[in-house]
Every structure is written in structure tokens, then in C-alpha cells.
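Excluded from the calculations below are hydrogen atoms, water molecules and symmetry mates; all remaining heavy atoms, backbone and side chain alike, are included. The residues of the chain are indexed from 1 along the displayed sequence.
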Amino acid sequence: MDTFITTIVAAAALIFATATSALGDELPVFRVGVLNDQSGLYSDIAGLGSVEAARMAVEDFKPEQHGFRVEILAADHQNKPDVGANIVRQWIDRDQVDVIADVPTSSIALAVAEIVREKDKVFLIASAGTSDLTGRACTPNNVHWTYDTWALANGTARAVIASGGDTWYFLTADYAFGHALERDAATVVTANGGRVLGSVRAPFQTNDFSSFLLQAQNSGAKIIALANSGGDTIASVKQAGEFGITEGSQKLAGLLVFLTDVHSIGLETAQGLLLTEAFYWDLNEETRAWTHRFAVRNGGRYPTMNQAGTYASILHWMKAVADMPDKSQARLGAGTVARMKEIPTDDPLFGKGSIRVDGRTIHDMYLFEVKQPSESKQPYDYYKLVSTIPGDQAFRPLGQSECKLVKPVGGQ
């Protein structure tokens, strides 16, 4: 296994930020390891696109002008916790990596969070979903940037119930992310007067959802909620269409749907889906301008919110490092994250926000409806904005948090 992991790390892309400072190699160098799925079902939602977004953040910020340099490393964790954990340990112990970024697949992110806490580095979570990363599994080294299962459930489930979808059946990916998404969505459903009629758990990365979809259909629930993501979401939506499940009274609710998923599914099948996202390329002039730059570098493919989150989180980390007079102190992860929490967030993709004591980044979330084919004017013109969920309403209130960094009311 050690030889196998060494091969993965050795083959990882090592991308150097352009150094324009006259000080050159005399500047302190910080290393960021972008860890994600680069070959499997999550490669479209993060993958090499997130690596490119990380490069763009370094190029845009120009850390050499602030007294330090940044190098980007990248590796494929293959959606395996043991592989991801071994890469992170070697990065930190052998390659002096200071920051771990991106990391889709919640089971891997939970394992990485413990290693990063133990080694006192920085963990910038752009793609993992479980809200436990700022709840029971929070650490002073975590920054959870883009979305989480509580925010997804809060946005989509509330809207679906308000439109009459008051009975639910969950088709859930059988790992940490799926379990957390079902848990958080079920809480929102019942709190808003809905009922959960049951659930079925599908193996991670399965190809055949037929038996699971038939169980959901036979439940009689108005809403079949997909508590999965990436390739699993694409396959389950396509197969539901093939079986004619949604031709009757039942509807699908995608609890985590990405722009790339809709692109793969096609508007004919995906039209009408309600979904919650943290970023969309066509929100404003700044998101459009950044997206056009990104697409040129990403083979014409438009960014997902995970890739946007990788860019924005690394950008904010560099602002914190630049703000620290003694750059050696930025090697200490908890201290650097504390500085990140002190500085208001402000970037072209997520706008103005903040990072809470539990590590949760607070920014607006958006409820979208997938357009009909006739409404789309160009590739990736897929969403209609239904409503904006203000940041202070989008995420789990601190008063409900199990994070040990959150002081109970009254200081007890």
C-alpha cells in the first residue's frame, strides 16, 4: 500500500505559482494540496477543475506582492478514505504541505479533518457536504466553505413542502454524506409539517438503481428525495425517467444537484427540478467574468459551486496569511484559521460574508429551478432563480450546533 500511495503522490500534478517578486526564492513558500476525485463519479464536480480554480486564486491574488509564495499540489483520492488519509499524511510529513483543500466525499473529509487537526494545518473544505464538519466533528482547523447538508435540506425541502410535497421517501447514498443529508432533510420535512414514509440506502457508486427506485415508487410518497450526488444523482434521475416514475403524481427532489449533473442529464429529463446551490455562473457580472476565464482553462466546461468554493477559500486563506506580519506564524493551522475568522469574507463568486466560530462560512444560498429546453439560450444556461436565501438564514443556527468550539448560551 505504501508503494501504491507513493506512486499516487509522485504522479500528482505539481504546479508552481509564478514568482514575480525580486526576492524570488527568499520568500517563504506555502504549499496547498488539492485533494479530490480526479477519475471517478465526482471528477466532474471537483477534480481537475478544482485544481485549475486553485491556480487561478494564486494568480489573481499574487502572493509574491504580499511577501510569500504559494505552490499547488494535487492528488486523486479515488473516493477511498484510506488512500486520502495516506496522501494527506505524506503531504504534511514529507512535502511540508500547509493547507489541504477541496476534498469531496464526506467520509474522506472527516478522516482528513482529524489528521489536519493533529498536525495543526489548515483544512479548506469546498466539496464535502456533511454538516458534522462544523458540528460534532468540528475542529479549530476546519473552514467549511461552500455548502453543507443542513443548508441543502433547508433550501430545497422547505420549498418543496411549501408547494405541496408533504410526503417523502429517501433514496440515500450509503455513506457519511448521504446519511447526513437524509438526517438533515428529514428534520426539515417534519419541522414543516411533512411526513417521511421511509428510505432505502443504495451502495455508493452503484450502477443500477432500479430496485431502489421501485421501492420509492411503491411507497406512494409524493416526493422521492435523492440524498446522493454526482454520478449517483445522474444515474438515478435518468433511470427514474426511463421507468416513467415521474409521469404520475410523484416528483423527484434532488437534494444535491450540480450544474454538471444537469448538463449530463439534459434539460428534457431534468426540467422542473428544484435545487439549492451556493454559486451559479450567471448570477452577476463578476460571476460571469470569472466563469468565462475559468471555462477557457477547463476545456470549455463551466464551473460547479465546488470549484468556485476552492477558488474562494484559497483566496481568503491567502488574505489571512498576508495579514500576518510574521509569516512563520501562518504555519500554525489553528492560528491561521482564527485569523481567517476575524477577516470578513469578500470575493467575486460568493460576495461578502463571514466565517463563524464553528468554521462555517456564511454567505447567501440560492434556490433554483431547472429550465425547460425552450428557455435555455446557450450551453449551461440551465437555472432560473426562484429565491435567494440570506446567509444568516441559509445555515444551521449556532444555537443548534454540537460543535465544541461554540460556547453555550450563558457561558456554561
Item checked: Validation row, ring centre Phe177 to ring centre Tyr147 under 6.0 Å -> no
Note to self: Which residue in the set Trp290, Phe368, Phe258, Tyr366 passes ring pair (Phe, Tyr, Trp, His ring centres under 6.0 Å) when paired with Tyr280?
What the structure shows: Phe368
Ion pair check, [X] and [Y], cut-off under 4.0 Å:
X: Arg31; Y: Asp95; value: no
X: Glu118; Y: Arg89; value: yes
X: Asp346; Y: Lys352; value: yes
X: Arg301; Y: Asp44; value: no

As an exercise, state the distance from [atom1] of [X] to [atom2] of [Y], rounded to the nearest 0.5 Å.
X: Leu275; Y: Leu367; atom1: CG; atom2: CG; result: 7.5 Å
X: Ile92; Y: Arg94; atom1: CD1; atom2: CZ; result: 12.5 Å
X: Glu277; Y: Leu283; atom1: CD; atom2: CG; result: 9.5 Å
X: Glu402; Y: Thr134; atom1: CD; atom2: OG1; result: 10.5 Å
X: Asn36; Y: Asn306; atom1: CG; atom2: CG; result: 9.5 Å
X: Leu41; Y: Thr206; atom1: CG; atom2: OG1; result: 11.0 Å

Has the side chain of [X] got a donor or acceptor atom that lies under 3.5 Å from a matching backbone atom of [Y]?
X: Lys371; Y: Leu267; answer: no
X: Lys121; Y: Val116; answer: no
X: Ser106; Y: Thr130; answer: yes
X: Glu114; Y: Ala111; answer: no
X: Ser199; Y: Phe170; answer: no
X: Gln38; Y: Ser43; answer: no
X: His144; Y: Ala128; answer: yes
X: Glu375; Y: Gln372; answer: yes
X: Asp364; Y: Gly391; answer: yes
X: Asp232; Y: Phe204; answer: no

Report yes if the side chains of [X] and [Y] come closer than 4.5 Å at any heavy-atom pair, otherwise no.
X: Arg158; Y: Asn192; result: yes
X: Arg288; Y: Trp281; result: yes
X: Phe212; Y: Pro203; result: yes
X: Phe30; Y: Met318; result: no
X: Arg360; Y: Ser131; result: no
X: Tyr42; Y: Ser229; result: yes
X: Gln239; Y: Asp208; result: yes
X: Asn142; Y: Val337; result: no

Check: Step by step, would you call Asp261 with Thr233 a side-chain hydrogen bond (donor to acceptor under 3.5 Å, both in side chains)?
Finding: CA-CA 7 Å; Asp261 299 337; Thr233 300; 4.8 Å; no
Checklist line | Any residue meeting salt bridge (charged side-chain N to carboxylate O under 4.0 Å, His left out) with Asp358, in chain and number order, not counting sequence neighbours | finding: Arg356
Next item on the list: Report the residues that fulfil salt bridge (charged side-chain N to carboxylate O under 4.0 Å, His left out) with Glu242, sequence neighbours left out, ordered by chain and then residue number.
Entry: none
Can you classify the ring geometry of [X] versus [Y] as parallel (below 30°), tilted (30 to 60°) or perpendicular (above 60°)?
X: Phe350; Y: His363; value: tilted
X: Trp317; Y: Phe68; value: perpendicular
X: Tyr302; Y: His292; value: perpendicular

Check: Testing Thr149, Asp132, Asp174 for side chain to side chain donor-acceptor pair (under 3.5 Å) with His179, which one passes?
Finding: Asp174
Notebook entry, point to check: More than 12 non-hydrogen atoms from neighbouring residues, nucleotides or ligands closer than 6.0 Å to NZ on Lys319, yes or no?
Noted result: yes
Checklist line | CG (Asp326) with more than 12 external heavy atoms under 6.0 Å | finding: yes
Check: Considering residues at least two apart in sequence or located in another chain, which fulfil the side-chain contact (heavy atoms from CB on, under 4.5 Å) criterion with Ser354?
Finding: Ile362
Check: Do His316 and Ile343 pass the side chain to side chain contact (heavy atoms under 4.5 Å, CB included) test, and can you show the C-alpha distance, the side-chain angles, and the key distance before you say yes or no?
Finding: CA-CA 9 Å; His316 190 71; Ile343 303 171; 3.9 Å; yes
Notebook entry, point to check: Where do Lys119 and Ile100 land on the side chain to side chain contact (heavy atoms under 4.5 Å, CB included) test, with the steps shown first?
Noted result: CA-CA 11 Å; Lys119 302 291 187 179; Ile100 307 299; over 6 Å; no
Note to self: Is there a salt bridge (Lys or Arg N to Asp or Glu O under 4.0 Å) between Glu59 and Arg297? Walk through the geometry before answering.
What the structure shows: CA-CA 13 Å; Glu59 292 169 15; Arg297 303 168 63 135; 2.8 Å; yes
Next item on the list: Evaluate the criterion side chain to side chain contact (heavy atoms under 4.5 Å, CB included) for residue pair Leu213 and Leu171; output intermediate values, then yes/no.
Entry: CA-CA 7 Å; Leu213 287 165; Leu171 195 165; 3.7 Å; yes
Check: Are Thr291 and Tyr380 close enough, and set up right, to give a side chain to side chain contact (heavy atoms under 4.5 Å, CB included), and what steps lead you there?
Finding: CA-CA 11 Å; Thr291 293; Tyr380 296 99; over 6 Å; no
Note to self: Set out, in order, the CA-CA distance, both residues' side-chain angles and the distance that settles salt bridge (Lys or Arg N to Asp or Glu O under 4.0 Å) for Lys377 and Asp282, then state yes or no.
What the structure shows: CA-CA 12 Å; Lys377 306 305 180 186; Asp282 201 20; over 6 Å; no
Next item on the list: Quick one: closest heavy-atom pair of Thr156 and Leu274, and the distance?
Entry: CG2-O, 3.9 Å
